[in-house]
Amino acid sequence: MDEFDVVVIGGGSGSQVATAAAKEGLEAAVIEPGPLGGACITRGCVPSKALIHRADVVDGIRRAERFGVGASLEDVAYDEITSSIRETVYGKAERQAESLEEAENVALYRGEGRFVDEHTVAIDPVVDGDGAPADGDGSDDGDGERIRGETIVIAVGSRPTMPPVDGLEDVDVLTSDDALYLDERPDELVVIGGGYIGAELGYFFGALGADISIVGRSDELVPWEDGDVSTAVTDGLERYCELYTGYEAVEASEDGQRVTVTAEPSDDGGGESVELEADDVLVAAGRRPNTDTLEIENAGVETDADGYVEIDERLETSVDGIWALGDVLGDEPYKHAADYEARIVATNVLETVERTVDYGAMPHAIFTSPRVASVGRTEAELEEADREYESVRVSYDAAPLGLILDPDEGFVKVLAAPDGEILGCHVVGPEAPTLIQEVVVAMDGGGTVDDVADPVHVHPALSEVVYAAFDELSSRPYSTAPDWRDAGDE
């Protein structure tokens, strides 16, 4: 049995812990049954944003007349779009695997890992279409190869989950994994789920001309966001999709090439059920951790009722020497969060200092139209916590470039304590995921409103919208922040 200092189960962000250990001269192993890089590279954020970029191009052409530019859309080569993206992202995954295989002190095992005990992992080889083990050696004793690790990192990610909808198991549904690489664009599509995945894919297909119906249980899309953000996303998606917010899918059936989804009001407040027919149904109702594949009970690692791994503030599990990061934790299901957690785990495993995790300045973004980016608390969370705060919302047209771009929706909302501590910031509009970053830097350093308002901002850049919002809450006696909001007044 091969023995290692560090064994990582999962070839996404967790592999960074293995390579860090190898650089320190330790022996490390990574176990991964699929493409390297995790879901983000091949089945998540990267290919989906590549698709959304194409949707932005199409949408820009259709809206060009708004800016006095005559333009028309002649054709969308859908299969060329998806095949090109697939080639790019899977090429990246292959190069990442080659790099890992060539690295000193790192062994890559192709298979699914499962615990035998606290320090032993069995590896079940991936079987190809011909029924042979993926490693091609023809050996499979039915129990998998076994390796031992002094330290083990659980980083197996998550997968789409199926909601309890009658008949759904008999329907050939799409998940977010499937929807990224279709050869043809569906003409009609029902999306079950009003979260960020359903909203993003609904925007993509809707912008490319498909008839999209989104069914979401809450009264607005992305309901966990700040209320102003949820409203902006919901209003924005109405330009591309038929929205059935406040509805829950209860039944699905398939008849030949057509799918029917029955949805009922989700709040017991009356109202009639609706039947939605389409070519396909896309289920985007959340994800579940892949811990059920690990036989994790053999190691004694504790999980909650939903299968998420229980960890302490250092990301160590209930068992000494076993750590966890990424989607198996559940709190921050983002690639950048998993990368941050990998740094925490690597530090705690490889150094004598102890580092604790802090999600207080963890940002996230939603790539719809409008774009969204947020960090910190929402207004509802502050009210629930009975926290005293001040709030300001400044529209994009406060800055000259924001006025020039003329977005349908655009604002920066800042939430701050009376002493100036930044409690949250929410940006809606063009380049929101980029604009939020200076706020993240300020919050990460324990900064205040003045730490964003004091530095000089480029003129005329969209960052002036952020500047203008924080300037309104600033304690400085003098202001040079732009305000072009009266320029559009008649």
Participant: Would you call the rings of Y247 and Y244 parallel, tilted or perpendicular if under 30° counts as parallel and over 60° as perpendicular?
Facilitator: perpendicular
Participant: Between atom CD of E310 and atom OG1 of T317, what is the distance when rounded to the nearest 0.5 Å?
Facilitator: 10.0 Å
Participant: Dump the intermediate steps for side-chain contact (heavy atoms from CB on, under 4.5 Å) on T82 and L51, then the final yes or no.
Facilitator: CA-CA 8 Å; T82 55; L51 292 174; 4.2 Å; yes
Participant: Restricting to non-hydrogen atoms, name the atom on L435 and the atom on P430 that form the minimum distance, rounded to 0.1 Å.
Facilitator: CD1-O, 3.9 Å
Participant: For S230, run the side-chain contact (heavy atoms from CB on, under 4.5 Å) check against D235, V222, V372, T245 and tell me which one passes.
Facilitator: V222
Participant: Testing the 3.5 Å rule here: is there a donor-acceptor pair between the side chains of Y389 and E379?
Facilitator: yes
Participant: Where is the tightest heavy-atom contact between P370 and G429, given as atom of each residue plus distance?
Facilitator: CB-N, 4.2 Å
Participant: Could you tell me whether a side-chain N or O of R371 sits under 3.5 Å from a main-chain N or O of T368, the two making a donor and an acceptor?
Facilitator: yes
Participant: For K92, I'd like to know if atom NZ has over 12 heavy atoms of other residues, nucleotides or ligands within 6.0 Å.
Facilitator: no
Participant: Under a 3.5 Å distance rule, please check whether S266 uses its side chain to pair with a backbone N or O of G246 as donor and acceptor.
Facilitator: yes
Participant: Less than 4.5 Å apart, any side-chain heavy atom of L201 and any of L180?
Facilitator: yes
Participant: Ignoring hydrogens, what is the shortest heavy-atom contact between V414 and A469? Give both atom names and the distance.
Facilitator: CG2-CB, 3.8 Å
Participant: Show the numbers, then the answer: is there a side-chain contact (heavy atoms from CB on, under 4.5 Å) between I436 and H426?
Facilitator: CA-CA 8 Å; I436 200 71; H426 310 277; over 6 Å; no
Participant: Less than 6.0 angstrom from the centroid, inside 45 degrees of the normal: does R185 satisfy that with respect to the ring of Y78?
Facilitator: no
Participant: Name the residue from V233, L237, D59 that meets the side-chain contact (heavy atoms from CB on, under 4.5 Å) definition with S369.
Facilitator: D59
Participant: Between the side chain of E94 and the main-chain N/O of G91, is any donor-acceptor distance below 3.5 Å?
Facilitator: no
Participant: Look up atom OG1 in T234 and atom CG in D219, then write down how far apart they are to the nearest 0.5 Å.
Facilitator: 9.5 Å
Participant: Do we see a donor-acceptor contact under 3.5 Å between the side chains of S13 and K335?
Facilitator: yes
Participant: Does the side chain of T175 pick up a donor-acceptor pair with the side chain of D177 at under 3.5 Å?
Facilitator: no
Participant: Nearest 0.5 Å please: distance from the CG atom of L108 over to the CD1 atom of I31.
Facilitator: 9.5 Å
Participant: Any side-chain heavy-atom pair from D187 and D211 closer than 4.5 angstrom?
Facilitator: no
Participant: Are a donor atom and an acceptor atom from the side chains of Y359 and E341 found within less than 3.5 Å of each other?
Facilitator: yes
Participant: Testing the 3.5 Å rule here: is there a donor-acceptor pair between the side chains of D279 and Q257?
Facilitator: no
Participant: Indicate yes or no for a side-chain donor-acceptor contact from T291 to the backbone of G307 under 3.5 Å, with no hydrogens or angles considered.
Facilitator: yes
Participant: Taking everything shown except E65 itself, do over 12 heavy atoms lie less than 6.0 Å from its CD?
Facilitator: no
Participant: Under 4.5 Å between any side-chain heavy atoms of V283 and T161, yes or no?
Facilitator: no
Participant: Using 0.5 Å steps for rounding, measure from the CG atom of D483 to the OG atom of S395.
Facilitator: 8.0 Å
Participant: Under a 3.5 Å cutoff, is there a donor and acceptor pairing between the side chains of H459 and E464?
Facilitator: yes
Participant: Are the side chains of S391 and K413 in touch, meaning some heavy atoms are under 4.5 Å apart?
Facilitator: yes
Participant: With heavy-atom distances below 4.5 Å as the criterion, would you say the side chains of D178 and V173 are in contact?
Facilitator: no
Participant: Would one find more than 12 heavy atoms of other residues, nucleotides or ligands at under 6.0 Å from atom CD of E242?
Facilitator: no
Participant: For side-chain contact (heavy atoms from CB on, under 4.5 Å), just list the numbers for T434 and E431, CA-CA rounded to whole Å, side-chain angles, deciding distance to a tenth of an Å, and then say yes or no.
Facilitator: CA-CA 5 Å; T434 301; E431 302 299 330; 3.7 Å; yes
Participant: Does the side chain of H457 come under 3.5 Å of the side chain of S463 through a donor N or O and an acceptor N or O?
Facilitator: no
Participant: Report the residue from N290, L294, L315, V8 that forms a side-chain contact (heavy atoms from CB on, under 4.5 Å) with I154.
Facilitator: L294
Participant: With distance as the sole test, does T262 use its side chain to make a donor-acceptor pair with the main-chain N or O of V250 at under 3.5 Å?
Facilitator: no
Participant: For the CD atom on E384, are there more than 12 heavy atoms of other groups (residues, nucleotides or ligands in this structure) within a distance under 6.0 Å?
Facilitator: no
Participant: To the nearest 0.5 Å, how far apart are CD in E297 and CD in E302?
Facilitator: 13.0 Å
Participant: Which heavy-atom pair separates E200 from I52 by the least distance, and what is that distance?
Facilitator: CB-CD1, 3.8 Å
Participant: Using modelled atom types and a 3.5 Å cut-off, is there a donor and acceptor pairing between side-chain atoms of Y340 and backbone atoms of D358?
Facilitator: yes
Participant: Identify whether the distance between the nearest side-chain nitrogen and carboxylate oxygen of R239 and D408 falls below 4.0 Å.
Facilitator: yes
Participant: Nearest heavy-atom pair of G11 and V30: which atoms, and what distance?
Facilitator: CA-CG1, 3.9 Å
Participant: Under a 3.5 Å distance rule, please check whether R62 uses its side chain to pair with a backbone N or O of V58 as donor and acceptor.
Facilitator: no
Participant: Measure the spacing between CD of E272 and CD of E264 and express it to the nearest 0.5 Å.
Facilitator: 11.5 Å
Participant: Quick one: does any side-chain atom of D444 pair with a main-chain N or O of A361 as donor and acceptor, under 3.5 Å?
Facilitator: no
Participant: Report yes if the side chains of L462 and Y396 come closer than 4.5 Å at any heavy-atom pair, otherwise no.
Facilitator: yes
Participant: When you measure from the side chain of T231 to the backbone of G227, do you find a donor-acceptor pair of N or O atoms at a distance under 3.5 Å?
Facilitator: yes
Participant: How about F411 and D228: do any of their side-chain heavy atoms sit closer than 4.5 Å?
Facilitator: yes
Participant: Does some side-chain heavy atom of E381 sit less than 4.5 Å from a side-chain heavy atom of R387?
Facilitator: no
Participant: So for atom CG, which belongs to D255, do other residues, nucleotides or ligands contribute more than 12 heavy atoms lying within a distance under 6.0 Å?
Facilitator: no
Participant: Not counting sequence neighbours, list each pair that qualifies as a ring pair (Phe, Tyr, Trp, His ring centres under 6.0 Å) and has a residue in residues 200-235.
Facilitator: Y203-Y240
Participant: Under the criterion side-chain contact (heavy atoms from CB on, under 4.5 Å), I'd like the reasoning laid out for R110 against I123: C-alpha separation, chi angles, the key distance, then a yes or no.
Facilitator: CA-CA 8 Å; R110 287 300 199 172; I123 305 166; over 6 Å; no
Participant: Considering non-hydrogen atoms only, spot the tightest contact between L325 and V328 and give its length.
Facilitator: O-CG2, 3.3 Å
Participant: For residues 167-232, which residue pairs pass the disulfide (SG to SG under 2.5 Å) check, not counting sequence neighbours?
Facilitator: none
Participant: Taking the cut-offs as 6.0 angstrom to the six-membered ring centre and 45 degrees off its axis, would you call R86 and Y90 a cation-pi pair?
Facilitator: yes
Participant: Any donor-acceptor pair under 3.5 Å linking the side chain of R287 with the backbone of S158?
Facilitator: yes
Participant: Could R393 and E409 be called an ion pair, given the rule that one side-chain N must be under 4.0 Å from one carboxylate O?
Facilitator: yes
Participant: Looking at R288 and D306, is any side-chain nitrogen of the basic one under 4.0 Å from a carboxylate oxygen of the acidic one?
Facilitator: no
Participant: Inspect the surroundings of CD in E390 and state if more than 12 heavy atoms from other residues, nucleotides or ligands are less than 6.0 Å away.
Facilitator: yes
